[in-house]
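All remarks here apply to the structure that follows.
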Amino acid sequence: MPANPSPDPRAPFDQELCGLVLDTAPRLPAVVQVRDEGLADADGWVVAWGLVDNDGPTHVVSIDGRARMTLVSPERAVCHFAGRPGITARLVWLAQPSAAALDRTEAA
């Protein structure tokens with residue numbers, strides 16, 4: 001009969017670390033441009049991603065990596081990517097994460 005493995009003493013601490021990560025995770029909005037919004041042939045695409053801290057600034061990086069901004073709010077990013085005729089911009093938010101893992105493969 002195999003012996004029961006002893007519990008990993010790191011497990012409670014690892015769970016605490018994962019909880020800390022979930023509690024402090026930034027919000028992640030995508031900046032999306034839309035052509036001909038409201039029309040039948042409207043089209044949209046992601047032009048940038050943001051990283052929003054609860055108490056701090058919003059960091060935005062364009063998809064091609066050429067534009068990097070630090071702004072006071074995520075809504076300010078919309079202004080930077082809107083304004084061309086027929087093109088609007090808006091934020092689309094990813095849902096808050098519900099799990100964290102210490103192992104990269106577990107997080108995938």
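Not measured: the values here are computed from a predicted model.
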Worked check of side-chain contact (heavy atoms from CB on, under 4.5 Å) between Asp43 and Asp36: CA-CA 7 Å; Asp43 192 17; Asp36 297 332; over 6 Å; no
Validation row: Val52, Pro74 side chains within 4.5 angstrom (heavy atoms): yes
Any Val34 side-chain heavy atom under 4.5 Å of Val32 side chain: yes
Distance from [X] atom [atom1] to [Y] atom [atom2], nearest 0.5 Å?
X      : Y     : atom1 : atom2 : result
Leu91  : Thr58 : CG    : OG1   : 9.0 Å
Gln96  : Leu28 : CD    : CG    : 8.0 Å
Ile87  : Trp45 : CD1   : CH2   : 4.0 Å
Glu106 : Cys18 : CD    : SG    : 8.5 Å
Asp53  : Arg27 : CG    : CZ    : 12.0 Å
Leu71  : Cys79 : CG    : SG    : 9.0 Å

Joint cluster assignment, Ile63 & Val78, ILVMFWY side-chain distance < 4.5 Å: no
Transitive ILVMFWY side-chain link Val92 to Val46, under 4.5 Å: yes
Whether Gln33 side chain and Phe81 backbone form a donor-acceptor pair below 3.5 Å: yes
Trace of the side-chain contact (heavy atoms from CB on, under 4.5 Å) decision for Glu37 with Arg90: CA-CA 11 Å; Glu37 187 166 7; Arg90 62 173 129 163; 2.9 Å; yes
Audit row: His80, Met69, side-chain contact (heavy atoms from CB on, under 4.5 Å) steps and yes/no: CA-CA 10 Å; His80 289 278; Met69 299 170 248; 3.6 Å; yes
Greater than 12 external heavy atoms within 6.0 Å of Arg35's CZ: yes
Smallest separation among heavy atoms of Pro29 and Leu51, with atom names: CD-N, 4.3 Å
Minimum heavy-atom distance between Ala48 and Ser62, given as atom pair plus value: CB-CA, 3.7 Å
